[in-house]
Amino acid sequence: MGQKVHPFVQRVGFIRTWQSWWFARPKDYGRFVEEDFRIRKFIKAKFRQAALSRIIIERLIDRVKIRILSARPGIIIGRHGADIERLREDLNSMIKNEVAIDIEEVKEPALDAQIVSDNVAMQIEKRIAFRRAIKRAIEQSVNAGAKGIKICCAGRLGGAEMCRTETYKQGKIPLQTLRADIDYGFSESLTTYGLIGVKCWIYKGDILVTKNVNKAAKTDMPEAKPQGNIPAAKRD
């Protein structure tokens with residue numbers, strides 16, 4: 001099950017949240033989903049060299065806030081902010097709303113699965129051997145502190161007549177563990193032989209979230225932690 005379901009979907013509400021923050025009436029929901037898709041597609045096509053990680057869209061009453069996470073924010077901003085102003089004008093004409101754009105820098109690109117998969121796909125397009133690109137990406141991620149990484153390439157690898165799938169893995173990837181912080185990225189490499197898909201999973205460690213059940217009770221006593229397999233409600 002963990003191999004076929006997007007790791008973000010399983011972890012929404014546990015350790016992750018949505019990448020689109022808005023609420024809509026039923027008649028506007030479909031239009032908002034389509035606009036979000038067009039915005040992300042336009043930005044990724046325009047700034048493919050900027051090492052984009054995620055595009056978070058938040059809708060307010062009268063405007064749309066777009067937060068772009070990139071490892072190379074200077075490419076998006078441009079000289080004296082010319083490129084980001086042009087991007088804002090293009091998005092304003094696309095969705096007919098006022099657009100506010102924020103750029104955030106990704107401090108560790110080697111630990112971002114989307115950036116790693118984009119990097120491998122771009123190297124394959126430049127006719128670099130896919131095994132060399134994958135092994136270099138795995139080495140960089142492990143040196144950056146990743147506890148596990150898996151990269152999967154599928155297509156006519158090396159110009160072969162039959163398409164095949166090759167997977168390289170180092171460390172562990174606990175896809176069934178909901179507290180495991182697993183990043184996922186997917187990219188496509190357009191070569192002369194056809195499309196080659198690149199998938200990447202990066203395991204960064206566990207996120208332990210403690211929730212205080214009795215928030216209304218005011219007490220100075222520390223919260224009891226369950227021990228063993230016995231539910232807390234059945235203990236004396």
Side-chain angles (χ1 to χ4, degrees), residues 5-119 178-188 200-202 204-205 207-213 215-216:
V5 179
H6 199 298
F8 289 4
V9 175
Q10 286 184 309
R11 289 160 178 80
V12 167
F14 291 91
I15 61 173
R16 288 193 177 273
T17 182
W18 302 102
Q19 295 188 10
S20 293
W21 299 348
W22 45 264
F23 174 81
R25 295 182 177 88
K27 63 179 182 179
D28 297 328
Y29 181 82
R31 180 170 60 87
F32 286 173
V33 171
E34 182 185 3
E35 285 183 358
D36 288 2
F37 174 76
R38 288 165 52 203
I39 288 171
R40 290 190 172 97
K41 184 178 179 181
F42 178 78
I43 295 175
K44 288 180 180 179
K46 188 177 181 65
F47 299 104
R48 195 182 178 194
Q49 303 291 333
L52 297 176
S53 172
R54 294 190 306 278
I55 300 172
I56 300 173
I57 300 175
E58 182 179 0
R59 294 180 181 270
L60 303 178
I61 297 175
D62 55 348
R63 60 177 178 151
V64 179
K65 293 177 63 178
I66 301 175
R67 189 152 55 100
I68 304 174
L69 283 75
S70 170
R72 301 172 184 169
I75 297 178
I76 303 176
I77 297 172
R79 182 172 296 179
H80 303 295
D83 291 346
I84 193 172
E85 287 298 329
R86 194 177 300 113
L87 174 63
R88 185 179 290 109
E89 293 174 0
D90 294 340
L91 294 177
N92 280 332
S93 61
M94 181 187 299
I95 64 176
K96 309 299 182 183
N97 281 334
E98 181 184 354
V99 176
I101 301 176
D102 294 331
I103 310 295
E104 290 187 15
E105 182 181 3
V106 178
K107 300 297 183 181
E108 289 288 346
L111 293 178
D112 194 289
Q114 185 61 48
I115 295 177
V116 172
S117 62
D118 287 342
N119 186 23
L178 295 182
R179 67 174 179 270
D181 184 12
I182 296 180
D183 199 9
Y184 174 78
F186 170 74
S187 302
E188 289 181 340
C200 178
W201 294 262
I202 296 180
K204 304 177 185 178
I207 298 179
L208 301 178
V209 180
T210 58
K211 294 183 179 180
N212 188 5
V213 179
K215 293 183 179 180

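Values below: every heavy atom of this structure, side chains too, minus hydrogens, waters and symmetry copies.
Annotation: salt bridge (Lys or Arg N to Asp or Glu O under 4.0 Å) contacts of Arg38 (sequence neighbours excluded): none. Listed by chain and number, the residues in a salt bridge (Lys or Arg N to Asp or Glu O under 4.0 Å) with Asp28 are Arg31 (sequence neighbours excluded).
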Apply side-chain contact (heavy atoms from CB on, under 4.5 Å) to the pair Leu91 and Ile101, showing each step before the final yes or no.
CA-CA 10 Å; Leu91 294 177; Ile101 301 176; 4.0 Å; yes
Step-by-step side-chain contact (heavy atoms from CB on, under 4.5 Å) determination, Ile66 to Leu87:
CA-CA 11 Å; Ile66 301 175; Leu87 174 63; over 6 Å; no
Go through the steps to decide whether Ile56 and Leu69 satisfy the test side-chain contact (heavy atoms from CB on, under 4.5 Å), and finish with yes or no.
CA-CA 8 Å; Ile56 300 173; Leu69 283 75; 4.2 Å; yes
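The nearest pair of heavy atoms linking Ile202 to Ala110 is CD1-O, 3.8 Å. Nearest heavy-atom pair, Ile76 versus Ala50, reported as atom, atom and distance to 0.1 Å: CG1-CB, 3.8 Å. Of all non-hydrogen atoms in Ala71 and Ile115, the two that sit nearest each other are CB-CD1, 3.9 Å. Considering all non-hydrogen atoms of both residues, Phe32 and Ala24 come closest at CD1-CB, 3.4 Å. Shortest non-hydrogen contact noted between Arg11 and Leu178 is CG-O, 3.6 Å.
In Phe37, the CZ atom is not crowded: 12 or fewer heavy atoms of neighbouring residues, nucleotides or ligands sit closer than 6.0 Å.
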List the atom pairs, with distances to 0.1 Å, where a side-chain N or O of residues 180-187 and a protein N or O form a donor-acceptor pair under 3.5 Å, not counting sequence neighbours.
residue, atom, partner, partner atom, Å
Asp181, OD1, Arg16, NH2, 3.2
Asp183, OD2, Ala113, N, 3.0
Ser187, OG, Gln114, NE2, 3.4
Ser187, OG, Ser117, OG, 3.0
Ser187, OG, Asp118, N, 3.2
Ser187, OG, Asp118, OD1, 2.2

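Between Ile43 atom CD1 and Ser70 atom OG the span is 11.0 Å, to the nearest 0.5 Å. Distance check: Ile39 CD1 to Glu34 CD gives 11.0 Å after rounding to the nearest 0.5 Å. Phe8 contributes atom CZ, which lies 9.5 Å from atom CD1 of Ile15 (distance to the nearest 0.5 angstrom).
The ring-ring contact (aromatic ring centres under 6.0 Å, His included) pairs that include a residue from residues 40-88 number zero, where partners must be two or more places apart or lie in different chains. For residues 44-60, the set of pairs meeting the side chain to side chain donor-acceptor pair (under 3.5 Å) definition, not counting sequence neighbours, comprises Glu35-Arg59, Asp36-Arg59, Arg48-Glu125, Ser53-Asp112. Sorted by first then second residue, the side chain to side chain donor-acceptor pair (under 3.5 Å) pairs that include residues 91-108, not counting sequence neighbours, are Arg67-Glu104.
Considering Val64, Leu60, Val33 as possible partners of Trp22, the one that fulfils the side chain to side chain contact (heavy atoms under 4.5 Å, CB included) test is Val33.
When atom types are taken as modelled, the side chain of Arg63 and the backbone of Ala100 share no donor-acceptor pair closer than 3.5 angstrom.
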